[in-house]
J.: 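Let me give you the structure first, and then I'll get to my questions.
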Amino acid sequence: MKELLKQIREKAIAEIEASDRLDEIRIQYLGKKGELTAVLRGMGKVSPEERPLIGQLANEVRAEIEAALAKKEEEKAKKELENRLLSEKIDVTVPGTPFTAGHRHPLAQTEEMLRDIFIGMGFSIAEGPEVEYDYYNFEALNLPKNHPARDTQDTFYITDNILLRSQTSPVQARVMEQTQPPIRIISPGRVYRADPADATHSPIFHQVEGLVVDKGITMGDLKGILELFAKKMFGPETKIRFRPHHFPFTEPSAEVDVSCFVCGGKGCRLCKGEGWMEILGAGMVHPFVLSNCGIDPNVYSGFAFGMGVERITMARLGIDDLRLMYENDVRFLHQF
Ligand code: DAH
C-alpha cells in the first residue's frame, strides 16, 4: 500500500509538470473516483497498526499533489498574463494615421458671415422653394409675361408656370403674402439660370435676398443698413456707392458697389483698376409689388436688396474664376 501511494505521488507529480490539463489531472487522482481516493477506500483492508501510518502518508500525498497543482496553476496564470501583455502591447512611438480635418466650403463661409451680420441687425431668416411658380418668380414682382426684363434671367422651365427660380426675390412675395409689417428678413438660397458656365457665370449659384417693410422706411434706411453690412463684411474703411439702375420690382433702383478692400479705391488687379466692386442690386419696393402681396403702399414702404454669394466670395478671397468653387479640388479649397 505504501508503495502504491508513492507510485501515485510520483506519477501525479510528473504528469502535472508535463501537462497543462490540470483539471483533468485533479479529477483523475483526487476526484471521487480518483486513484488516491480508491486507495483510501481500501483502508479497511489495512491492519490496525499500519492504518495511521498509511493514513498519514495518504494525506501527505494528497497535500503534495494539491501543492503541485496549485503551483502549476499559478505558473500557468502568470504565463498567460505575460503572453497577453506581450500581444496587447501598444507601441506608442509608431506614427499615427494622418487625419485631415475638413472645413466649410468658401461659399458656405460667406453665407454664414452674411447670416451673422444680418441676424445681428435684427433680421430673421426666411426660406422659399427652389422649384417655384412663374407667378412668384416674375409676375408678383412686377414682371408680367412678355416683360423684356425676363430675358436677362432666362431659366429652366418645368412647365409654363413652374420653373427653377432665377433669383431669391420670389421669397419677398411669399413673405409679404404671409406676414403683415413690420418685416425684416433675409433669405439665402440657390438660384438657377440658363447661362453657360464661364469665369463669372454658372447655371447654379447663390443669392441672399433682403427685405424690410414698415411704416416710414426710406432710402436712407437702405443706405445705412448696406453701409453697415459692407463695413462688417469687408472692413471698417469700406465705402459704398449707389449707381442708378432698373429693376422692375423696385423704384427707385440701384446697383451698389463697395470700395475695393485691397487698394482702398485706388485701383488694383482685384478690382480690375476700377477701385470699386459691384456686389448687389437694391431699391425701394415698388408699390405694385406691395399691393400684389396684400400690403397697402399708402401705409407702408420698404426696401429690398439681392446679393450674389459667389461674387462676394470672389471679392473677399481674391478668387478670379467662379468655376474653381464648384470643382471641389481640395488643393484649392484648403487655402481658405
Ligand atoms: N433679384 C435681382 C437679381 O437677381 C437682384 C435684386 C435687385 C434683388 C434689386 C432685389 C432688389 O431685392 O431690390 O439680379
Side-chain angles (χ1 to χ4, degrees), residues 111 114 118 123 125-130 132-143 147-156 163-177 183-195 200-214 217-227 229-230 240-258 277-290 292-293 295 297 300-313 322:
E111 193 183 299
L114 289 166
F118 283 102
F123 285 67
I125 310 284
E127 281 184 44
E130 290 174 29
E132 184 55 285
Y133 288 109
D134 181 278
Y135 174 77
Y136 289 110
N137 196 75
F138 290 129
E139 208 124 336
L141 301 175
N142 207 22
L143 275 136
H147 191 291
R150 284 192 177 209
D151 290 351
T152 61
Q153 293 193 11
D154 198 13
T155 185
F156 302 96
L163 43 76
L164 297 184
R165 66 179 180 189
S166 61
Q167 48 186 352
T168 43
S169 305
V171 184
Q172 287 188 35
R174 286 180 171 273
V175 169
M176 285 190 279
E177 266 188 359
I183 293 171
R184 214 181 313 168
I185 58 106
I186 59 161
S187 185
R190 208 173 284 158
V191 300
Y192 303 81
R193 291 191 195 173
D195 288 333
T200 51
H201 293 86
S202 162
I204 303 177
F205 58 104
H206 300 79
Q207 291 187 332
V208 172
E209 194 77 13
L211 175 71
V212 172
V213 184
D214 203 351
I217 297 291
T218 69
M219 195 119 179
D221 298 312
L222 172 61
K223 274 192 121 168
I225 291 282
L226 290 182
E227 200 171 301
F229 152 72
I240 59 169
R241 175 172 88 171
F242 277 53
R243 275 180 293 104
H245 197 76
H246 172 259
F247 295 106
F249 33 88
T250 43
E251 182 60 35
S253 304
E255 279 189 329
V256 181
D257 303 335
V258 291
M277 290 184 288
E278 187 214 318
I279 55 156
L280 59 89
M284 300 306 291
V285 181
H286 198 293
F288 286 178
V289 175
L290 290 174
N292 281 347
C293 302
I295 291 176
Y300 294 106
S301 57
F303 65 76
F305 56 85
M307 53 183 91
V309 179
E310 276 75 0
R311 185 169 287 205
I312 291 175
T313 307
L322 190 150

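Scope of the values below: all heavy atoms of this structure, side chains included, with no hydrogens, waters or symmetry mates. Whatever order the structure lists them in is the order used to number ligands and atoms, beginning at 1. Quick caveat: nothing in here was measured; it's all calculated off a predicted structure.
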J.: Any carboxylate oxygen within less than 4.0 angstrom of a Lys/Arg side-chain nitrogen, looking at E127 and R174?
T.: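 The answer is no: the pair does not qualify as a salt bridge.
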J.: Taking side-chain contact (heavy atoms from CB on, under 4.5 Å) as the criterion, tell me which of V208, V171, V175, L211 meets it with S187.
T.: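 The option that passes is V171.
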J.: If you compare all heavy atoms of F249 against all heavy atoms of L141, which two are closest, and at what distance to 0.1 Å?
T.: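 The pair with the smallest heavy-atom distance is CB-O, 3.3 Å.
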J.: Taking atom types as modelled and ignoring hydrogens, do the side chains of E209 and Q172 form a donor-acceptor contact shorter than 3.5 angstrom?
T.: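 Short answer, yes.
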J.: Going by the rule side-chain contact (heavy atoms from CB on, under 4.5 Å), which residues pair with F156 if we only count those two or more places apart in sequence or in a different chain?
T.: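 By the side-chain contact (heavy atoms from CB on, under 4.5 Å) rule, F156 matches L164, Y192, A194, P203.
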J.: Residues around ligand 1, heavy atom under 4.0 Å from any ligand atom, sorted by chain and number. Can you pull those?
T.: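 These residues qualify: Q153, Q167, S169, Q172, R193, Q207, E209, F247, F249, T250, G281, A282, G283, A304, F305, G306.
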J.: Hey, what's the ring geometry for F123 with F118, parallel, tilted or perpendicular (30° and 60° as the breaks)?
T.: perpendicular
